[in-house]
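Read through the structure below, which is laid out as structure tokens, and then see the notes.
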Amino acid sequence: MLSNKYNASEAEPRIQKFWQDNGVYKYDPKSKKPTFSIDTPPPTVNGHIHLGHISSYTQSEFVARYKRMSGYNVFYPFGFDDNGLPTELYVEKTHGVKAYEVGREKFRQLCYDTVQELEEEFKEIFIATGNSADWDLMYHTVSLDSQRISQTSFVDLYNKNKLYCALAPALWCTKCRTSIAQSELETKESESCFNYLRFYLDGEDNFVEIATTRPELLCACDCVLINPKDEKNKHLLNKKIRIPLYNFTVPVLTDDKVEMDKGSGVVMCCTFGDQTDALWFKKYNLEYKQAIDDGGRMTELAGKYAGLKVKEARAKVIEDLIANGHMIRQENITHQVSVHERCGTEMEINLKRQWFIKTLDCKEQWKKLGNEINWHPTFMKARYDDWVENLSMDWCISRQKYFGVPIPVWYCKKCGTPIVADEKDLPVNPLVDAPKKVCKCGCTEYEPEIDILDTWATSSVTPQINCKWKVDDETFKKLYPMSLRPNAHDIIRTWDFYTIVKGFYHNNARPWDNLMIMGFLMADKGQKVSKSKNNSKHSTLDFIKNYTADVVRYWTTSSGLGRDIMLNEDTFKNGAKVVNKLYNAGKFIWQFLEGYKPVKTDLLPMDKWIIAKYNKMFENFTKNFDKYEFSLAMNELETFFWNFCDNYIEIAKNRLWKPEVYGEKAKQSAQYTSYIVFYNMLKLFGIFLPHVSEEIYQNTFKENEKFISIHSTTIGKIEEAYNPTIIADGDLVVNDIVGRVRQFKSENKISLKTEIEDITVTNNNLDFIKACEEDIKAVMSIHKINYKTGEFDIAIGKVVEEN
RNA sequence: GGGAGUUUAGCUCAGUUGGUAGAGUACCUGCCUUACAAGCAGAGGGUCAUAGGUUCGAGUCCUAUAACUCCCACCA
């Protein structure tokens, strides 16, 4: 029996506890059902969960529920990405410290403590939204288990020659003081200026004009270059070029990459102004001149500018260039500069020993694997292809940071050769552990690697972590490739791409069959809501408690797959209406079903009609859901539900109330139909609104159906034989007969229950209408129906005058 | 510079294989109908971004264009 009013605030936590206590969402490794495995994104622990997470996690959670109720044994873990730079930056910000000032061990401890607190909060919030993850499958990327798999990945790649250590130019963030990868860059518009400078021909009065946006790097100039086909500048070949302000000379080289018609066609190469400089550095074996230190200040090489920050130095250098007559002209420009996505600092390049995973020589393979995966929505694959196409650097995975997975390497003190740990000894921390082998050169002294792995180097093995790679072969075989990876579109080039790379190198297979790409929650001004920017206006948990979990979940169905979503008051109001209506409908029909056990009887036409409508809706529902279009599936369901209430129940209630008038058989037909249709519909609602659906089920159908939870049931069609025109026939009755009478009453401003003496229905085929006569009369309070043969028409008779 | 998405009612969005423009919401008019007034019924409201083209017929297919959002690249 359902109570009179649904109190969601009371019910939701109680129901969540019920699911937890009864293991409703537990993955059963022994089950014979087909497996559906989800590579849940482990949220980065670097701030507070906001409604953007709630929306994207809930959207993918719909799929877990859909598959679970479609007969799959769903493997739906939850994890936390709780190591790496994002966490370090959060800790630095919230504690007002700098990692390198605090010291490695103390800072690591601070990070551990912080993530533990945050993870409790994360978990509480996800549970409060009714997330159906199996919390027993929880993993943390910072745990020793994850570290072992991450290091195993490292060692495996090293053994397969897909990983190398090199003193090579790498992208560098001077604020975070670490190398970063190409995928961690974003572009920012920046005001700058082209400086057209005089570079002097050594020993001559002549000069050549060279434009640069980075004159502070003059001190690091290695050479100037022209295109080999450049006739205009051919005379420069074999000459020395004298650098303004610094007065040293550099040679002139030629390279195809130099564009003749850009500026004067002469370009300077510094170590390093941009990625092209890095390329020339390697190609021509140039001298490394470090002008900028790790923290973004000019080095001694810059002479009088040493110690200044890059931008300060630039301003001073420009001043001096003008004062000394080296400046020809300046041109203000706005251009896109590459910045570190985490802090917005303009990217530099520097030279250190770094570890790289080879990504450049397998582009075709990456594309091929991309094609093997089903992308939902399909157009999102273009972003992946674009990214792969334009990869320009191998993936640098070493980070000069503290809180992360250690790189399992030592270096020989004598010859510098890396000593990579053996797989069987993992996990190791080279700062604590000693290598178990000696260098090939025979030297027994070593130095530990102090760098750690990029956080993506670990999160890119979540399928291997989840599927127990090299831990439990049987489980791995069963779960890998995983069925689904859901994530937002910003991490296609990082998380998705890197996971594909690892999947190929380690397991020679795609990591998943399907990718589901979600949009963002947008704050004002078209800005995405983000943890690190902390621009969410709401306390997430309060927000959920205030609106209730089901209503918040309803809101997340309002955007199409891959589309950005906005906070919209109306959607919440609408969600509350749906929850309320569902509960009321359940309460109402249960009045007639208490103690009832569904027995299949001969069904009346309108009962067959609503069953056929349900089945049709179910077809569309699954068609959309199979494409991960949860929003369209919900639309189908909602439309059906309203039709069920406003048309079917209105018809059925007369028979349910008054069997003495309409007959016991008519009542039984309505009982059976409302039971079977509502029950099946309720299961579908359970995917989106799991709490209210459970509350209804527990107090109604459970007694007869015996499943512990509505979420343990299976969705499906309703078995019923009906002729193919049943939907059109029933729609005619509802829309064109009942509808027209309703219109008549409304236009005449009379109550819907006002009685009508008679109506005359004209139609070519009257069989179906005649079979529904009692229903039509009852629902519209009509005394008599007259029939005529011909084109469809309806004439409404007199209103019965009240006494 | 290359690419993707979007453009349909005041607002939020559906619209399958081309066949008379749909829903919710808001607004308006009614109705206390033995579940729900957080409800029910009804009405008005659209040059389907623009311009061409294919077709008997285009919101839908093709070609341009525009605006907004995003991705990538270039950044001497």
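All chains are named by letter (A, B, ...) in the order of the sequence lines, taking the proteins before the strands, and each is independently numbered beginning at 1. What you see below is based on every heavy atom in this structure, not just the backbone, and it leaves out hydrogens, waters and symmetry mates.
Using a 4.0 Å cut-off between charged side-chain N and carboxylate O, A/Asp731 and A/Lys613 make a salt bridge. Ion pairing between A/Asp255 and A/Lys283 holds under the 4.0 Å rule for side-chain N and carboxylate O. For A/Asp496 and A/Arg383, the salt-bridge test fails: no basic side-chain N is under 4.0 Å from an acidic carboxylate O. Electrostatic pairing of A/Arg329 and A/Glu209 counts as a salt bridge here, judged by a charged N lying under 4.0 Å from a carboxylate O.
Note on A/Lys188: nothing from the nucleic acid sits closer than 4.0 angstrom, heavy atoms only. No contact: A/Trp555 has no heavy atom under 4.0 Å from any strand. Residue A/Lys745 is out of contact with every strand shown, counting any heavy-atom pair closer than 4.0 Å. A/Lys658 comes within 4.0 angstrom of a nucleotide base, judged by non-hydrogen atoms across all strands. Nucleic acid contact for A/Ala211: sugar-phosphate only, since backbone atoms but no base atoms lie under 4.0 Å from a heavy atom of the residue. In this structure, A/Lys581 reaches the bases: a heavy-atom distance under 4.0 Å links it to at least one base atom across the strands shown. Contacts of A/Leu752 with the nucleic acid, taken as non-hydrogen atoms under 4.0 Å apart, include base atoms. Nucleic acid contact for A/Val579: none, since no nucleic acid atom lies under 4.0 Å from a heavy atom of the residue. A/Asn748 comes within 4.0 angstrom of nothing in the nucleic acid, heavy atoms only. Among the heavy atoms of the strands, none lies under 4.0 Å from A/Asp385. Using a 4.0 Å heavy-atom distance criterion, A/Lys381 is classed as making no nucleic acid contact. Using a 4.0 Å heavy-atom criterion, one finds that A/Glu259 contacts the bases of the nucleic acid, with or without backbone contacts as well. Across all strands shown, A/Glu619 has no heavy atoms under 4.0 Å from either base or sugar-phosphate atoms.
Pairing for B/A41 goes to B/U29, judged as Watson-Crick or G-U wobble with the two contacts each under 3.5 Å. The base-pairing partner of B/G57, taking Watson-Crick or G-U wobble contacts with both distances under 3.5 Å, does not exist among the strands shown. Both distances falling under 3.5 Å, in either a Watson-Crick or a G-U wobble arrangement, occur for no nucleotide opposite B/U17. Pair assignment for B/A23: B/U12, on the basis of Watson-Crick or G-U wobble contacts that are both within less than 3.5 Å. Pairing for B/C75 is absent, judged as Watson-Crick or G-U wobble with the two contacts each under 3.5 Å. Across the strands present, B/U50 finds its partner in B/A64; the criterion is a Watson-Crick or G-U wobble pair with both atom distances under 3.5 angstrom. Of the nucleotides present, none pairs with B/A35 by Watson-Crick or G-U wobble criteria with both distances under 3.5 Å. Across all strands shown, B/U69 forms a Watson-Crick or G-U wobble pair with B/A4, both key distances being under 3.5 Å.
Look at the C1' atom in both B/G15 and B/U60: the space between them is 9 Å, to the nearest Å. Of the C1' atoms belonging to B/G39 and B/U33, the separation is 10 Å, rounded to the nearest Å. Taking the P atom of each, B/U6 and B/A14 are spaced 9 Å apart, rounded to whole Å. Spacing of C1' atoms, B/A43 relative to B/A51, comes out at 36 Å, to the nearest Å. Across B/A26 and B/G46, the matching C1' atoms stand 16 Å from one another, rounded to whole Å. With C1' as the reference atom, B/C28 and B/G44 are 8 Å apart, rounded to whole Å.
A/Tyr662 does not carry A/Arg655 over the face of its six-membered ring by the limits of under 6.0 Å from the centre and within 45° of the normal. Taking the centre and axis of the six-membered ring of A/Trp495, the NZ or CZ atom of A/Arg485 falls inside the cone set by 45° and 6.0 Å. Both tests do not hold together for A/Arg553 against A/Phe688: distance to the six-membered ring centre under 6.0 Å, angle to the ring axis within 45°.
Comparing B/C71, B/A76, B/U33 by their nearest atom to the side chain of A/Asp386 picks out B/C71. The side chain of A/Phe379 lies closest to B/G5 when the candidates are B/G15, B/A35, B/G5. When the nucleotides B/U29, B/A35, B/A38 are ranked by their closest atom to the side chain of A/Gln591, B/A35 comes out on top. Residue A/Thr213 places its side chain closer to B/A76 than to any other of B/C36, B/A41, B/A76. Nearest nucleotide to the side chain of A/Val267, out of B/G24, B/A76, B/U33: B/A76. Closest to the side chain of A/Lys262, from the set B/A14, B/A35, B/C74, is B/C74. Nearest to the side chain of A/Glu650, among B/U34, B/U33, B/G15, sits B/U33. Of the candidate nucleotides B/U12, B/A35, B/A73, B/A73 has the atom nearest to the side chain of A/Gln182. Closest to the A/Arg383 side chain, of the nucleotides B/C71, B/C72, B/A76, is B/C71. Distance from the side chain of A/Trp387 is smallest to B/C72 among B/G42, B/A76, B/C72.
Here the two rings, on A/Phe701 and A/Trp590, have centers that are under 6.0 Å apart. Taking the six-membered ring where the residue is Trp, the centroids of A/Phe592 and A/Tyr596 are separated by 6.0 Å or more.
A/Arg563 places its CZ atom 11 Å from the C1' atom of B/U7, with the value rounded to the nearest Å. Following rounding to the nearest Å, A/Glu747 (CD) and B/U29 (C1') show an atom-to-atom distance of 11 Å. The CD1 atom of A/Ile243 sits 14 Å away from the C1' atom of B/A76 (whole-angstrom rounding). Look at CD on A/Glu638: it is 8 Å from C1' on B/G24, rounded to the nearest Å. In this structure, the CG atom of A/Leu253 is 18 Å from the P atom of B/A76, given to the nearest Å.
The phosphate of B/U25 has OP1 or OP2 within less than 4.0 Å of a side-chain N or O from A/Lys577. Checking the phosphate oxygens (OP1, OP2) of B/C74, no side-chain nitrogen or oxygen of A/Gln336 falls inside 4.0 Å. At least one side-chain nitrogen or oxygen of A/Trp657 sits closer than 4.0 Å to the OP1 or OP2 atom of B/A35.
Nearest-nucleotide assignment on RNA chain B puts the 5′-proximal partner with A/Asp564, out of A/Asp564 and A/Gly265. Each of A/Val337 and A/Asn635 was matched to the nucleotide of RNA chain B holding its nearest heavy atom; the match closer to the 5' end belongs to A/Asn635.
The ring of A/Phe588 does not lie on top of the base of B/C36; it is either too far (5.5 Å or more) or too tilted (30° or more).
Judged by atom type and distance alone, A/Ser338 reaches the base of B/C75 through a side-chain donor-acceptor pair under 3.5 Å. Between the side chain of A/Lys653 and the base of B/U34, no donor-acceptor pair under 3.5 Å is found.
A ring pair (Phe, Tyr, Trp, His ring centres under 6.0 Å) with A/His326 is found for one member of A/Phe199, A/Tyr246, A/Tyr196, A/Tyr200 and no other, namely A/Tyr200.
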